[in-house]
Amino acid sequence: QWNEEQQVWYRQMTCADGLQRYVLVATPACYDPAKPHAMLVFLYPTLRFGAGLLAKADFGGWRVAAAAEGVILMTVSQNKVEWTEDAGVPAILAGVDEASRHFNVDPDRVFVTGFDEGGGGAWLLAQAAPGRFAGFMPVASSPAELEARAAGFYPYNLLNSNLCALNGAQDRFMRIPEQHSYRETI
């Protein structure tokens with residue numbers, strides 16, 4: 001369905017865990033269905049969005065930059081599941097597949113980013129499906145936190161991935177030295 005007010009396409013899907021989630025897609029003004037486009041998957045940081053995701057279709061502030069570059073934006077609602085739980089990665093992959101069925105997405109130019117909990121989802125997706133995406137940019141998140149929380153976190157899968165992790169120098173929770181130790185390990 002198309003939401004004129006928010007200028008987004010959305011669809012409800014049933015994921016492997018049986019829960020309903022929404023996929024939201026924003027296309028740039030230059031979108032041409034005959035040409036493949038890059039897509040940025042944005043993972044919201046908290047569980048606060050279910051059906052209310054449509055009201056928050058700002059894509060974490062990425063909308064203006066993506067439009068300027070001709071990039072499709074996509075997100076998935078969490079619906080009671082954190083990205084770092086077992087159902088997180090399959091839900092994200094299902095959302096990417098759903099968006100790709102309805103829009104001309106270049107599979108070699110799909111990127112993932114997220115902030116805080118969404119950044120954790122980006123870290124987890126980077127190790128769970130590294131070859132499926134062109135690059136990952138977790139923001140204000142830490143792989144050390146994931147290692148403690150997520151079953152099956154394999155940092156060595158990050159080898160040869162295009163990964164840019166961003167954390168603020170003043171961040172008291174997601175510290176930069178943790179990022180450096182993972183870089184050195186890999």
Side-chain angles (χ1 to χ4, degrees), residues 1-3 5-28 37-69 71-100 102-103 105 110-129 132-143 145-146 149-150 153 163-168 171 173-174 179:
Q1 291 181 303
W2 181 255
N3 181 287
E5 180 183 343
Q6 295 290 343
Q7 293 291 298
V8 294
W9 175 89
Y10 68 100
R11 182 179 185 124
Q12 192 172 26
M13 64 178 183
T14 302
C15 292
D17 61 0
L19 292 177
Q20 298 287 308
R21 292 189 177 80
Y22 286 89
V23 178
L24 263 68
V25 176
T27 56
H37 291 263
M39 182 167 74
L40 178 64
V41 178
F42 176 74
L43 304 177
Y44 277 94
T46 66
L47 297 172
R48 66 179 175 243
F49 304 116
L53 183 64
L54 187 59
K56 184 72 174 162
D58 67 348
F59 293 90
W62 283 100
R63 204 160 182 175
V64 172
E69 296 297 322
V71 174
I72 296 169
L73 282 169
M74 190 277 299
T75 193
V76 179
S77 63
Q78 290 168 296
N79 194 5
K80 303 177 185 172
V81 174
E82 292 186 17
W83 297 127
T84 55
E85 293 178 16
D86 289 344
V89 168
I92 298 164
L93 296 175
V96 170
D97 291 343
E98 187 69 22
S100 297
H102 295 276
F103 296 90
V105 175
V110 178
F111 301 86
V112 180
T113 190
F115 178 80
D116 192 32
E117 172 69 28
W123 275 111
L124 197 58
L125 202 58
Q127 65 79 36
R132 177 127 185 230
F133 297 93
F136 304 89
M137 189 173 71
V139 180
S141 60
S142 169
E145 178 187 357
L146 284 180
R149 291 176 40 194
F153 183 67
L163 177 67
C164 175
L166 301 176
N167 285 58
D171 192 329
F173 302 105
M174 303 301 174
Q179 310 285 1

Novice: So, taking the atom named CD in Gln12 and the one named OG in Ser77, what distance separates them when rounded to the nearest 0.5 Å?
Specialist: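 With rounding to 0.5 Å, CD (Gln12) is 8.0 Å from OG (Ser77).
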Novice: Report the C-alpha distance between Val76 and Val41 in whole Å, list the side-chain angles of each, state the deciding distance to 0.1 Å, and finish with yes or no for side-chain contact (heavy atoms from CB on, under 4.5 Å).
Specialist: CA-CA 9 Å; Val76 179; Val41 178; 5.9 Å; no
Novice: I need the minimum non-hydrogen distance between Gly114 and Ala122, along with the two atoms involved.
Specialist: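 Taking every non-hydrogen atom into account, N-CB, 4.4 Å.
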Novice: Partners of Gln7 by side chain to side chain donor-acceptor pair (under 3.5 Å), sequence neighbours excluded?
Specialist: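 Applying side chain to side chain donor-acceptor pair (under 3.5 Å) to Gln7 gives Glu4.
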Novice: Taking atom CG of Leu43 and atom CD of Gln78, what is their separation to the nearest 0.5 Å?
Specialist: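 It comes to 8.0 Å.
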Novice: About how many Å separate CZ of Arg21 and CD1 of Ile92, when rounded to the nearest 0.5 Å?
Specialist: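 Reported value, rounded in 0.5 Å steps: 9.5 Å.
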Novice: Test of understanding: with side chain to side chain contact (heavy atoms under 4.5 Å, CB included), list the residues that count as partners of Ala126, not counting sequence neighbours.
Specialist: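 For Ala126 the side chain to side chain contact (heavy atoms under 4.5 Å, CB included) partners, ignoring immediate neighbours, are Phe136, Leu158.
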Novice: Say you draw a straight line from CD of Glu98 to CE of Met13; how long is it, rounded to the nearest 0.5 Å?
Specialist: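 Atom-to-atom, Glu98:CD and Met13:CE are 6.5 Å apart.
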Novice: Check whether any side-chain N or O of Ser100 sits under 3.5 Å from a backbone N or O of Val105 as a donor-acceptor pair, and report yes or no.
Specialist: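 No; zero donor-acceptor contacts below 3.5 Å.
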Novice: Would you say the side chain of Val110 lies within less than 4.5 Å of the side chain of Met74, judging by non-hydrogen atoms?
Specialist: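 Result no, sub-4.5 Å side-chain heavy-atom pair not found.
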Novice: Mind checking what makes side chain to side chain contact (heavy atoms under 4.5 Å, CB included) contact with Ala66, not counting sequence neighbours?
Specialist: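 Checked Ala66 against side chain to side chain contact (heavy atoms under 4.5 Å, CB included); matches are Val71, Leu73.
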Novice: To the closest 0.5 Å, what do you measure between CG (Leu163) and CZ (Phe133)?
Specialist: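 Here the rounded value is 13.5 Å.
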Novice: Apply side chain to side chain contact (heavy atoms under 4.5 Å, CB included) to Thr113 and list each qualifying residue two or more places apart in sequence or on a separate chain.
Specialist: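 Thr113 satisfies side chain to side chain contact (heavy atoms under 4.5 Å, CB included) with Leu40, Phe42, Trp62, Met137, Val139 once adjacent residues are dropped.
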Novice: State which residues pass ring-ring contact (aromatic ring centres under 6.0 Å, His included) with Phe103; sequence neighbours excluded, sorted by chain then number.
Specialist: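 ring-ring contact (aromatic ring centres under 6.0 Å, His included) check on Phe103 returns Trp9, Tyr31.
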Novice: Which atoms form the tightest heavy-atom contact between Ser141 and Gly119, and what is the distance?
Specialist: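 For Ser141 versus Gly119, the nearest heavy atoms are OG-C, 3.3 Å.
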Novice: Restricting to side chain to side chain donor-acceptor pair (under 3.5 Å), what partner residues turn up for Arg132, sequence neighbours left out?
Specialist: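 Side chain to side chain donor-acceptor pair (under 3.5 Å) check on Arg132 returns Asp97.
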